[in-house]
Each structure stands twice: as structure tokens, then as C-alpha cells.
Amino acid sequence: MKENSVIEFFYPNREYWKQNKMRLENKKIVVTAGAQGIGRATAIAFANEGADVLATDINEEKLNELSKDYPNIKIANLDATNKIEVEKFCSSLDNIDILFHAVGFVHNGTIMDCDSDEFHNSININVYSAYLMSHNLIPKMLKNKKGNIIIVSSAASNVKGAPNRFIYGTTKAALNGFVKAIAADYVKEGIRCNAILPGTVETPSWESRVQMADNPEQARKDFIARQAMGRLAQPKEIASMAVYLASDESDFVTGTLNLIDGGWTL
Ligand SMILES: NC(=O)c1ccc[n+]([C@@H]2O[C@H](COP(=O)([O-])OP(=O)(O)OC[C@H]3O[C@@H](n4cnc5c(N)ncnc54)[C@H](O)[C@@H]3O)[C@@H](O)[C@H]2O)c1
């Protein structure tokens, strides 16, 4: 098969493949938790594929670093758990194609280590933020009869019971249900919703969990030794899955829970 007929076969309506266009040209994307880790890497990958990216976070300093390094990425300070802030932010946007929601917090411990405040705090950061962002952006997507929501969940959820991740796994399992429910409700309205379920990714928050151990160097070695592939994921590896889910290549994909865990759940 000649190169062009391969493209015709797999991507009959994908003009950008034929015209050498970038994969996310003309797409307006809001990224939450965009200042570091998976959110930052994904904001950069989206921008590199031609998207119009607005990266949000509560960490203003890191957001400023991002925009200094990548001046084509717009930034905004946004606490995704704050109803008033999210409403104001979303109503200021005239158009939106994609929400990439990466806000999340890892509580360490069993059910007995998790008091009521910690329980509600994790629900607030991990689940309520996804509700607030989606609840305020879906009306705009409905107006356009087109939209795409990508939620960063985790393999530690209903997929795998991970030790000392009681409330974290509970909230991520809730997000997996959240994604299925939104996908089902809006499948006829042109809105897709999918989740990414990473294993362990080398991000600043992972690094700080390692630093909290009595012997951080040993903790790092032990952690890596436990990985099926003998290494952690890099944020940009999660970002490449996000680019696929954000692009028109995945037009027929909705309600899916996409594991990217280096074989952790095999
Ligand atoms: N790192 C991993 O191993 C791993 C594995 C599976 C899933 N995840 C998920 O990926 C997502 C990103 O994790 P990470 O490790 O890349 O990031 P991280 O923990 O290194 O950074 C999180 C970012 O979220 C921001 N943030 C926190 N609360 C916020 C709020 N209320 N509003 C807006 N921003 C807020 C922080 O300022 C920070 O920039 C999370 O949902 C996490 O649960 C991470």
C-alpha cells in the first residue's frame, strides 16, 4: 500500500494527516493542575500539537514558570474545588472544545488512618473538582454540539486495590463511574468523556512522597523495583495518551478507562 492509501484507509476524514497539520489545531483546551506533573506535560504536548491551551492551577509560581518556558500556553489561577471561582472562570470562556482534568491528591493510609476531615478533603479535591469543572463546561459544549472531557483517574481504583490508598482508590473509582455516566448521558450530543488510569508516574508529588520516607534513597529504589517494567512512567508518556484522546483520531472512543501502568495490573 502506498503511504497515501494507508492514510486514506485509516483516516479518511483526517485532513491533517494528508496536509501535515498538527493533531490538535483549532482546539481550545482547558487543563487543570497544569502547573506541574502530568498536567504540565500534557499542556505542553497539547500546545505542541497546535492546540490553544489554557493551563490552570493554584500554584501561581509554577504556572508563571510554565508560561515563561512556553509563551504560547495561556495561564490562569484557578482552584478547581472553589464553586464561585470555577463558575466565574467558566463563564469567562466563550468557547471550549476539551477539558483535561488532572487535579488530584494522594492520601496515604488505610480506612483507619483516614478521619472524616481527610475523607471529605479527598472527595472534594478528587471528585468534586471534576464535577464542578464538567458541570460548568458541559453547557458550552452542548451549545456547540461538541465536546470532550478527559479525566485523570488512576489504576489504583476499582481496577486495583493498592495498599494504603483507601480514600485515594475510593475517589478514583468514583471518577471511573463519573466518566461512564457522562459518556452515557451525552453520547448523542457530541460530547465524549474518557479516563486515563496511570500507574506510578515520576512527578513532583511522587517525589515528595519518596522524600517523606525515613530513607528516601532506599524508598525510591524499592518503589522502582516493585514496578513490573522496572521503571516508573514519565509524565510525557501519559501526555501522549491524552493527545490521542483529545484528537479526532479517537472520535469513536467514549466512556473508556485507559490504563497506562507499565503492566502493574497484569
Ligand atoms: N503521579 C502518579 O504516580 C499518579 C498516578 C496515577 C494518577 N495520578 C493522578 O494524576 C493527576 C496529576 O498528578 P501528578 O502527580 O501529575 O500531579 P502533582 O501532584 O505533582 O501536581 C498536582 C497539581 O495539582 C495542583 N492542584 C492541587 N489542588 C488543586 C486545586 N484545588 N485546583 C487546582 N489545582 C490544584 C497542584 O498545585 C499541582 O500543580 C492526579 O489526579 C493524580 O491523582 C498520578
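Start at 1 and go down the list; that is how both ligands and their atoms are numbered. The chain is numbered in sequence order, starting from 1.
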Legend entry - salt bridge (Lys or Arg N to Asp or Glu O under 4.0 Å) partners for Arg165, two or more places apart: none
Legend entry - Heavy-atom pair with the smallest gap, counting every atom of Ala35 and Lys62: CB-CB, 3.6 Å
Inset, instruction - Over all heavy atoms of both residues, which pair between Arg192 and Val253 is shortest? Give the atoms and the distance, please. - result: NH1-O, 2.9 Å
Inset, instruction - Go through Glu217 and Arg220 one step at a time and tell me if the salt bridge (Lys or Arg N to Asp or Glu O under 4.0 Å) criterion holds. - result: CA-CA 5 Å; Glu217 255 338 285; Arg220 177 190 308 280; 3.5 Å; yes
Inset, instruction - Mind jotting down which protein residues get a heavy-atom contact under 4.0 Å with ligand 1? Chain and number order, please. - result: Ala33, Ala35, Gln36, Gly37, Ile38, Asp57, Ile58, Asn59, Leu78, Asp79, Ala80, Thr81, Ala102, Val103, Gly104, Val152, Ser153, Ser154, Tyr168, Lys172, Pro198, Gly199, Thr200, Val201, Thr203, Pro204, Ser205
Inset, instruction - Determine the sole option in Asp248, Asp52, Asp97 for which the salt bridge (Lys or Arg N to Asp or Glu O under 4.0 Å) test with Lys27 is passed. - result: Asp248
Inset, instruction - Take Asn144 and Asn95, measure what side chain to side chain donor-acceptor pair (under 3.5 Å) needs, and give me the verdict at the end. - result: CA-CA 8 Å; Asn144 295 341; Asn95 204 2; 2.6 Å; yes
